[in-house]
Participant: 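Okay, here's the structure, questions in a sec.
Heavy-atom basis, side chains included; hydrogens, waters and symmetry copies ignored. Just so you know, these numbers come straight off a predicted model, no measurement behind them.
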Amino acid sequence: VGMGLAMGVWRFFYLLAEPLVEFLRPIPSPAYLPMAILFLGIDDAMKVFMVAFASFFPILLNTVSGVRSIDPVLLETGKTFGYGRWEIMHKILLPASASFVLTGMRISLAIALIVTVIAEMVAGNSGIGFYVLNAQRSYLVPEMYAGVIALALVGFGLNKIFVFIEGMLLHWQK
């Protein structure tokens, strides 16, 4: 979010970071898995890196879009009221771009679940992804479907919780 705010506010920072972002973003997250295993091992650190890396870009891009979509009149009004950079950031930029930021987080939540399951399937020895793949390899079809249904319920539940929190944070938009 911080990098997205910086890229949205300062053109120089956007021009500096945008080529790297656009170079890394199109590469599918599972393609980083072999390198992550090589450098981080098969431990939780690898899974955390994979989830964080895959979840980073939707939040970043939505934050940049949210900041850039703010009406310049709002920013000028803040300056007229004598707001400094911190007050403009805190009282105008963050609230005005909050729906974009939270949309990016909601997208990243689903991506995080997907990447977690992929990481567990490829290089895990525990977790629901490992369970589903192990059941499939052992021809335990009911257990495999139970794992997939459990994943669906976890994803559904996480989304419902996030929508509830989003509604609390953005209560003024109702």
Participant: With side chains defined as the heavy atoms from C-beta onward, is the minimum distance between Leu94 and Leu5 less than 4.5 Å?
Facilitator: yes
Participant: Could you tell me the separation between the CD atom of Glu87 and the CG atom of Leu93, rounded to the nearest 0.5 Å?
Facilitator: 12.5 Å
Participant: Looking only at heavy atoms, which two atoms of Ser99 and Thr103 are closest? And how far apart?
Facilitator: O-OG1, 2.7 Å
Participant: Could you walk me through whether Ile42 and Lys47 pass the side chain to side chain contact (heavy atoms under 4.5 Å, CB included) check?
Facilitator: CA-CA 8 Å; Ile42 305 179; Lys47 294 174 192 172; over 6 Å; no
Participant: Give me each pair satisfying side-chain hydrogen bond (donor to acceptor under 3.5 Å, both in side chains) with a member in residues 147-172, each pair once, sequence neighbours excluded.
Facilitator: Arg106-Asn159
Participant: If hydrophobic clusters are built by linking Ile, Leu, Val, Met, Phe, Trp and Tyr wherever their side-chain heavy atoms come under 4.5 Å apart, do Met89 and Leu102 end up in the same one?
Facilitator: yes
Participant: Can you check whether Ala45's main-chain N or O pairs, donor with acceptor, with Asp43's side chain at less than 3.5 Å?
Facilitator: no
Participant: Are Met168 and Val163 in one and the same hydrophobic cluster, where Ile, Leu, Val, Met, Phe, Trp and Tyr link if side-chain heavy atoms are under 4.5 Å apart?
Facilitator: no
Participant: Calculate, to the nearest 0.5 Å, the distance between atoms CG and CG belonging to Leu40 and Leu38 respectively.
Facilitator: 9.0 Å
Participant: With rounding to the nearest 0.5 angstrom, report the OH to CG distance, Tyr32 to Leu24.
Facilitator: 4.5 Å
Participant: To the nearest 0.5 Å, tell me how far Met35 CE sits from Ile37 CD1.
Facilitator: 11.0 Å
Participant: Under 4.5 Å between side-chain heavy atoms, hopping through other hydrophobics if needed: is there a path connecting Leu20 to Ile27?
Facilitator: yes
Participant: Donor-acceptor pairs under 3.5 angstrom involving side-chain atoms of residues 62-69: please list them, not counting sequence neighbours.
Facilitator:
residue	atom	partner	partner atom	Å
Asn62	ND2	Pro58	O	2.9
Thr63	OG1	Ile59	O	2.7
Ser65	OG	Leu61	O	3.1
Ser69	OG	Ser65	O	3.3
Ser69	OG	Gly66	O	2.9

Participant: For Ala98 versus Leu170, what's the shortest heavy-atom pair and its separation?
Facilitator: CB-CD2, 3.6 Å
Participant: Tabulate below the donor-acceptor pairs under 3.5 Å that side-chain atoms of residues 133-150 make, not counting sequence neighbours, or state none.
Facilitator:
residue	atom	partner	partner atom	Å
Ser138	OG	Asn134	O	2.9

Participant: To the nearest 0.5 angstrom, please state how far the CZ atom of Phe56 sits from the OG atom of Ser29.
Facilitator: 12.5 Å
Participant: Show me the donor-acceptor pairs within less than 3.5 Å that the side chains of residues 113-127 make with the rest of the protein, sequence neighbours left out.
Facilitator:
residue	atom	partner	partner atom	Å
Thr116	OG1	Ala112	O	2.6
Glu120	OE1	Ile128	N	3.1
Glu120	OE1	Gly129	N	2.8

Participant: Check the angle between the aromatic planes of Phe81 and Tyr83 and answer parallel, tilted or perpendicular using the 30° and 60° thresholds.
Facilitator: tilted
Participant: Return a table of donor-acceptor pairs under 3.5 angstrom between the side chains of residues 7-14 and protein atoms on other chains or two or more places apart.
Facilitator:
none

Participant: Can you sort out the partners of Ile161 under side chain to side chain contact (heavy atoms under 4.5 Å, CB included), two or more places apart, ordered by chain and number?
Facilitator: Ile165
Participant: Under 4.5 Å between side-chain heavy atoms, hopping through other hydrophobics if needed: is there a path connecting Phe57 to Phe49?
Facilitator: yes
Participant: Transitively linked via ILVMFWY side-chain contacts under 4.5 Å: Phe164 with Phe156?
Facilitator: no
Participant: As an exercise, state the distance from OG1 of Thr77 to CD1 of Ile88, rounded to the nearest 0.5 Å.
Facilitator: 10.0 Å
